[in-house]
Amino acid sequence: MTSSDDQSGERSLILILGDQLSRNIAALKRADPDRDIVLMAEVAEEAGYVQHHKKKIAFLFSAMRHFAEALKEDGWQVHYVRLDDPDNSGSLTGEIDRLRAAHPVARVVVTEPGEYRLKSALQDWAEASDVPLDMLQDSRFLCSHDRFGEWAEGRKQLRMEYFYREMRRETGLLMDGDEPEGGKWNFDHENRKPAEDGLSLPEPPQTSPDEITEEVLDLVEAQFGDHFGTLRPFWFAVTREEALAALERFAAEALPNFGDYQDAMLEGERFLYHSVLSHYINASLLEPLEVCRRVERAYYEGDAPLNAAEGFIRQIIGWREYVRGIYWRNMPGYTEQNFLEATRPLPGFYWTADTDMACVAAAVSQTRDEAYAHHIQRLMVTGNFAMLAGVDPHQVHEWYLAVYADAYEWVEAPNVIGMSQYADGGLLGSKPYAASGNYINKMSDHCAGCRYSVTKKTGEDACPFNPLYWDFLVRNRDKLCNNPRLKRAYSTWDRMPEPRQEEYLDSARKVLDQL
C-alpha cells in the first residue's frame, strides 16, 4: 500500500466501496475532482457472498446512491453502476475493467477494503491485469496495522483493556491530564443493571424512505426476495445528515441511561438505550472519533454520567479498534479456526425464530425484523447457545455476517470466532463466555414467559441453557480445565454426586438430539 500523493497529472480511477461513504476517505482525499473519475458499483458478487439481510443490502445501496449524488453535487465525476444495469458484470473488478475500456486511466486507487477476501481479490486482479493499484491505508481508524502490531509484539496475551488505555491516552478522550477522568479507566461494573419496571425508553429516529430509497427497496425485493429478513418498514438513515441527526438524538435521549442498562434485555423492547449507530459508523456516514467527541461533550456538559460516556467510548476506541487489529493480524485463516472442534450444524431456528426458548426467539425475530440486536443478545443469547451446543463456528460466523446491518468481516469475525465461540482458543478473550439460564434470567424478563423453567436444572421442562452449560464444560474439559477463570466451575462439577452429573448430561443429550 502507499499513501503518497499522485503528482503525475495522469487520470486515476478512484474506487469507492459500499462501506466507504465519507468525503474523508483516503482515496478521495488524494484524488483530483477535475481530473479523476470515481467508480461506485452495486454488484451481485458483494451482495451475495453470504445471504445478507434484505435491510442490510437496501441500506448500503441507498446510502451509496445518496453519497454518489452528493459527490456529483460537489463536482466529482462519478460513474455509478446499479445492480440492474444490463451491462453490469457482477463484480467490482469486472466494473473496473468496463470503466477502463471506456475511460483510459493510469492507475486504480482504493482505500484498503475492510475484508481480507476483497483486498486479496483486488490485489490478484491488479497483478493479473498488470494495472497499477494504489491501495491506501484506511485513515478512518485510529490504530493502523503497524501501530497495532507494535503494541501486540512480544505480549504473551492480547487484552483489550490495556490496548484501550493507550487509545485513551493517544486521543485524549475523557482524560484529566495523564490520568483517566474520574480516576478509573473502566466503569464496566456500573453498567450491568437489569432493566427496571417503568423505564421511559426512547426510540431511535425513524427516517422515511425518499424516492431513491423506495426505488432501492423495490430492487431488493425483486432481486433478493429469498434472502433472510423483513425489508419493510425501512427506517434507517441513508445520508450523513440523517445519521448526524440520529447521533444527536442518542446523545440527548438515550446516552444518559445507556451505561446503566447496556447489558439488559426486555421482552418487546428492541433498542432500550442503545445508540443503534454502528451500521452508520461502519459504513462511514459517521466517523468514530466525532461520535466519541460528541459523547464526551455530553459528559462534560452534564448531560450524561461518566459511566455512560466511558462505556460507550470504550466500545468505539477500545473494542472496535482492538477487534480490527486482531482480524488483520491473524488473517488469512482466522475465520476457519475451531479450537473446540465443534461440528454441529447451525439450528434452523436461527433463521426462523421457531423455538420455545423465549430469549432466543426474541433475539432472532428482532434480528429478522431490524437487522439489529445489541451486544448482549448476540453474545449471551444466540452466541452462547451456539457455543454450548457445539455448533460449527464457521457456520455461526457466516450467520452473523449475513444477518446484521453493521456486520463486516473485520469486526464480525473476531467478535464471533474469538469472543462468542472461543474458536481461537483465547487469542482475543480470556475465557469462553459460557453461561446457564441464570445469567439470562438476571439480565432480562424473558424467562418469566418462557415455556421452559429457568429454575429447573434438568428434565424435559428445564431451561436448555442449564444442562448444556455443564455438558459444554465436560465435553471440553481437556481444553478448558486449566483456564483460571473456569477453575471454580470445574470444582463445582467435581463436587456433584455422580447421579446428578448424569442427570445433567442426559438432559443435555436430549436437547441436542432435538436440534
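Quick caveat, the model's predicted, so the values are computed rather than measured.
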Answer with yes or no whether the side chains of [Y] and [X] bring together a donor and an acceptor at under 3.5 Å.
X: T213; Y: S62; result: yes
X: Q51; Y: H227; result: no
X: Y49; Y: E115; result: yes

Using ring centroids (six-membered ring only for Trp), state whether [Y] and [X] fall under 6.0 Å.
X: Y116; Y: Y327; value: no
X: W399; Y: F385; value: no
X: F250; Y: Y280; value: no
X: F148; Y: W151; value: yes

Inset, instruction - Please lay out, stage by stage, how N307 and D260 fare under the test side chain to side chain donor-acceptor pair (under 3.5 Å). - result: CA-CA 8 Å; N307 69 306; D260 288 351; 3.0 Å; yes

Within the distance-only criterion (no hydrogens, no angle test), does the side chain of [X] pair as donor or acceptor with the backbone N or O of [Y] below 3.5 angstrom?
X: R378; Y: V416; result: no
X: Q377; Y: T382; result: no
X: N338; Y: D392; result: no
X: E253; Y: P202; result: no
X: T458; Y: Y504; result: no
X: Q262; Y: G311; result: no
X: N282; Y: D406; result: yes
X: H394; Y: E336; result: no
X: Q206; Y: P204; result: yes
X: H53; Y: T367; result: yes

Inset, instruction - In sequence, state the C-alpha distance, the side-chain angles, and the governing distance for D369 and T230, and then conclude on side chain to side chain donor-acceptor pair (under 3.5 Å). - result: CA-CA 5 Å; D369 294 343; T230 304; 3.0 Å; yes

Legend entry - Aromatic Y408 / basic K56 pairing, under 6.0 angstrom, 45° off normal: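 Judged by the rule (NZ or CZ under 6.0 Å from the ring centre, within 45° of its axis), K56 counts as positioned above Y408.
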
Inset, instruction - Using the ring of W328 (Phe, Tyr or Trp, six-membered ring only), decide whether K119 places NZ or CZ under 6.0 Å from its centre and within 45 degrees of its axis. - result: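 K119 over W328 ring: yes.
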
Inset, instruction - If the plane angle is over 60° it's perpendicular, under 30° parallel, otherwise tilted; pick one for Y400 and Y404. - result: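 Tilted: the ring planes of Y400 and Y404 meet at 30° to 60°.
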
Inset, instruction - For the residue pair W319 and Y322, categorise the inter-ring angle as parallel (less than 30°), tilted (30 to 60°) or perpendicular (more than 60°). - result: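 Aromatic pair W319/Y322 classed tilted.
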
Mind checking whether [X] and [Y] have side chains closer than 4.5 Å, heavy atoms only?
X: S91; Y: W125; answer: no
X: V50; Y: F228; answer: no
X: L118; Y: L92; answer: yes

Legend entry - salt bridge (Lys or Arg N to Asp or Glu O under 4.0 Å) between R294 and E290, worked out: CA-CA 6 Å; R294 179 64 186 90; E290 77 175 336; over 6 Å; no

Inset, instruction - Answer yes or no: is there an ion pair linking R117 with E409, defined by an N-O contact shorter than 4.0 Å? - result: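 Answer for the salt bridge query: no.
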
Legend entry - Test: R500 and E503 ion pair at under 4.0 Å: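 Judged by the 4.0 Å cut-off on N to carboxylate O distance, R500 and E503 do form a salt bridge.
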
Inset, instruction - For D263 and H375, run side chain to side chain donor-acceptor pair (under 3.5 Å): C-alpha distance rounded to whole Å, both residues' side-chain angles, the deciding distance at 0.1 Å, then the answer. - result: CA-CA 8 Å; D263 287 2; H375 64 285; 3.0 Å; yes

Legend entry - Test ring-ring contact (aromatic ring centres under 6.0 Å, His included) applied to Y490 and W493, step by step: CA-CA 5 Å; Y490 280 111; W493 173 259; 8.8 Å; no

Legend entry - E269 CD to L201 CG distance, which is reported to the nearest 0.5 Å: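 So the gap between those two atoms works out to 4.5 Å.
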
Inset, instruction - Hey, could you give me the CD1/CG distance between I326 and L427, rounded to the nearest 0.5 Å? - result: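 The CD1 atom of I326 sits 4.5 Å away from the CG atom of L427.
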
Inset, instruction - Apply the test side chain to side chain donor-acceptor pair (under 3.5 Å) to residues Y261 and E196: give CA-CA distance (whole Å), side-chain angles for both, the deciding distance (0.1 Å), then the verdict. - result: CA-CA 9 Å; Y261 303 110; E196 305 167 350; 3.3 Å; yes

